[in-house]
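What follows is a set of notes on a single structure, which appears directly below.
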Amino acid sequence: MGDEEGCFVLMDGQELLGYSFSKTMGEEGYLGPLGIHPSIQGQGHGKKLISA
């Protein structure tokens, strides 16, 4: 799930598994906090959140 402001979350039902915050201003982009639950780290989920 995500929104226009650059907040994206990875959910499994009601459980939060990951999140990322980003902001685009003109041609520049800024990546804020990013978190992935330890049980799913190393599986590419963080890359998916950043790409979103």
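Worth knowing before you read on, the calculation uses all heavy atoms, side chains too, and leaves out hydrogens, waters and symmetry mates.
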What's the spacing between [X] [atom1] and [Y] [atom2] if we round to 0.5 Å?
X: I36; Y: Q41; atom1: CD1; atom2: CD; value: 7.5 Å
X: F8; Y: I50; atom1: CZ; atom2: CD1; value: 11.5 Å
X: L34; Y: S20; atom1: CG; atom2: OG; value: 6.0 Å

Task: Beyond-backbone contact of C7 with Y19, side-chain heavy atoms, under 4.5 angstrom - done: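 Of all side-chain heavy-atom pairs linking Y19 with C7, none is under 4.5 Å.
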Open item on the list: Once salt bridge (Lys or Arg N to Asp or Glu O under 4.0 Å) is applied, do any residues pair with K48, and if so which ones, sequence neighbours excluded?
Closed with: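 Here no residue qualifies.
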In a table with atom names and distances, give each donor-acceptor pair under 3.5 Å that connects a side chain of residues 10-17 to protein atoms at least two apart or in another chain.
none

- [ ] Verify the neighbour count for atom CD of Q43: are there more than 12 heavy atoms of other residues, nucleotides or ligands below 6.0 Å?
- [x]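 Yes, enclosed.
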Task: Under the side chain to side chain donor-acceptor pair (under 3.5 Å) test, residues paired with S39 that sit two or more places apart - done: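 Residues passing side chain to side chain donor-acceptor pair (under 3.5 Å) with S39: H37.
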